[in-house]
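Chain naming here is simple, since letters A, B, ... match the order of the sequence lines and numbering starts at 1 in each.
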Amino acid sequence: MDDGIIMSKPLILEAREVKRTYMQGKIPVHALRGVNLEIEKGEFIAIVGPSGSGKSTLLHLIGALDVPTEGELIIGGKNLKEQNRNRLAEMRQQVGFVFQYFNLIPRLTALQNVELAIAILGNMKKNQRRQKAQKILEEVGLGDRLFHRPNELSGGQQQRVAIARALAGDPLFLLMDEPTGNIDTKSRDVLLDLIKNLNRNRHITVIIVTHDSYIAQQADRIVYLVDGVLYDKDPTHSSGRVFESNTNQPKEVNQ
Amino acid sequence: MKSGDLISYSFNAIKTRKWRTVLTVLGVVIGITAIVALLSLGQGFENELDRQFQQGFSTNSLYVSKKTGIINADPTFELYFNDTQTIGGFENVELATPVFRKTIYIEGPSQNFSLNVFGINFTEYKQIFPFIFVEEKGSISFGTPTSGFVIGSRIHKPFRNDSIYLDVGENLTIYWLERNGTEIIYNNLTAQVDAVLTESGSFASGVNDIGIYIPIEMAMDLFQTQQVQSIIALTTDDESATLDQVTTQIEEFYADQVTVSAPQAILAQIQSSFNTIETFLASIAGISLVVAGIGIMNIMIVSLLERTREIGILKSLGTKDHTILFIFLIETGIIGLLGSVVGIGLGYGFGFAFSFLGNFRQVSIQNPAAGSIFTGVSPVLSFSIVLQAILFGVLTSLIFGLYPAIRAARLKPVDALRFE
């Protein structure tokens, strides 16, 4: 964790009236219509929303993969809007991204995948790097799978490699996109325990983006994204709509 | 990312696409092989040319022969033995010596050979070619009249190995045609080999490795003629003013029916026409490298499409655009480098094979002189050729790899991650 980013409040993320509009052909699509959010260091927060609510867009913005059309998004004290491509890449180095589909590099072993994330930072010698990667993999319970390639690992194991990779760069926060979307229930519980453990014992900030309320309920705080706007309470509850807790829901089109 | 990590990452990516890489490298190999074979043979040829000219010719010599060509050259004009005296008497001419040449036949190992017999003044000839009109075996009889043959080294050992075809002390029969009016007369002469000359090479009109040398008086007697094919004049010095002055003097005297040439000029001319041919051939070889380059571009674009998601992952982990660019360029660079190194080895090998074939052909064709262009030429692989080949191979790869690399670097992370 980077302790140098503490400002007046220990916020690691601050979103003010964040809007993101795409052009679909000539038609503008307002994916985010003014999102306000503050995330404190050490929090475990779930951002919940149904398909098409703008979840992916928000996820990409928080991960510095994309920039807002309007509004301010400040991550680790840096305003996304003021960064060039190079600086955005540097900001991504501070994000521990965990994807729904793991996104491991298939030809690299578990150890190499984790090492790669450290190598990209370019601040560590090879054997130090290897030791660190190995330690983290042991921490997520994969000490005996170091030299396995992704196709030799189960979904749950792959996701744990992905978490190890995300942790390897000592990020500001873990940003997880439906982390349990592609693994079985048993592995899901192991994974959730691991995440909670990381949050409680290592004080790692965790942001989970999901449509699964079961996952969301594990978090300390839940915010709801509906039609591109964030709410503190489920705004659809009064109108009778509830979020599904079934993990076998149709996947988001754009993931 | 550190450069060592970049290189090992690129290597890893290449390794997973072994066959595709091998085939792409092959394209570069072919181009570089062709270029290196050409350049190394060319270099060898030039070195040999230089060596033979430096050894074989005095810089203060001029060659006078009858003018040939269609315009302004009188076909009935001839040079005669006594012209030697005339030219020898000119200002700044130290010595003039006649060279008689006639095409004759000898019985070869498997068939008849056509080659030249030269009628010369042994003593004067030795003055002009002090280093190459030298016996390797037997002895050249300077001064004392002889009726034996002095033969070139290739008649002694035609196969460029230790097998001897004709040795000193053995008899050689030469066959030739003669005209008596309109009649054709078949003639022959058998004589003993007195001496074998040291090897000199086979360019231009110096001492010929496949020539037979006899005294000029014997030649005139044998072939019943006073005509000579050329006269070599030695000037008092090798200043170009002197050479020009003597040249003009001789040309004017013979009313422009003779050609006077200096070895230096001949060398320059051979080199210049050779360079033209070499450049032309190298351009053709260059085209094959361009084709290889297009192959690289093709393969890298395919690779870009296949690895779009991987690029997205790298970007999500914080990899900068220029790092992605480097990863792609290093991959093409490795392909270029591998191709160049293999191509240099193969090209050099082909150069040897080609020069070997050239030598082999020499003894198997009817006119040995015709196949002699690569006689004694071995490919030379200079540092500059190696450097050029590597630079050319790697640069071509990089240039053609640039477009896919830039496209990869510019991919938007979100789009790349979504790519299926």
Give, as side chain, backbone, both or neither, the part of Glu115(A) having an atom under 4.5 angstrom from any heavy atom of chain B.
neither

Considering all heavy atoms, the nearest Arg410(B)-Arg85(A) contact:
O-NH2, 3.3 Å

Met1(B) CE to Ile120(A) CD1 distance, which is reported to the nearest 0.5 Å
5.5 Å

Glu17(A): partners by salt bridge (Lys or Arg N to Asp or Glu O under 4.0 Å), with sequence neighbours left out
none

Given that the side chain runs from C-beta out, which part of Leu116(A) has a heavy atom under 4.5 Å from chain B: side chain, backbone, both or neither?
side chain

Among residues 124-134 of chain A, residues within the sub-4.5 Å heavy-atom range of chain B, in order of number, are Met124(A), Lys125(A), Arg129(A)

For a quick test of reading the model, state the closest non-hydrogen atom pair linking Arg92(A) to Pro413(B) and the distance between them.
NH2-CG, 3.7 Å

Whatever's closer than 4.5 Å to a heavy atom in chain B on Leu121(A) counts as neither

Can you tell which part of Ala416(B) gets under 4.5 Å to a heavy atom of chain A, answering side chain, backbone, both or neither?
neither

Could you tell me which residues in residues 313-329 of chain B have at least one non-hydrogen atom under 4.5 Å from a non-hydrogen atom of chain A, sorted by residue number?
Ile313(B), Leu314(B), Lys315(B), Ser316(B), Leu317(B), Gly318(B), Thr319(B), Lys320(B), Asp321(B), His322(B)

Which residue pairs pass the salt bridge (Lys or Arg N to Asp or Glu O under 4.0 Å) test with at least one member in residues 149-167 of chain A, sequence neighbours excluded?
none

Taking side chain as C-beta onward, heavy atoms only, is Tyr101(A) less than 4.5 Å from Arg309(B)?
yes

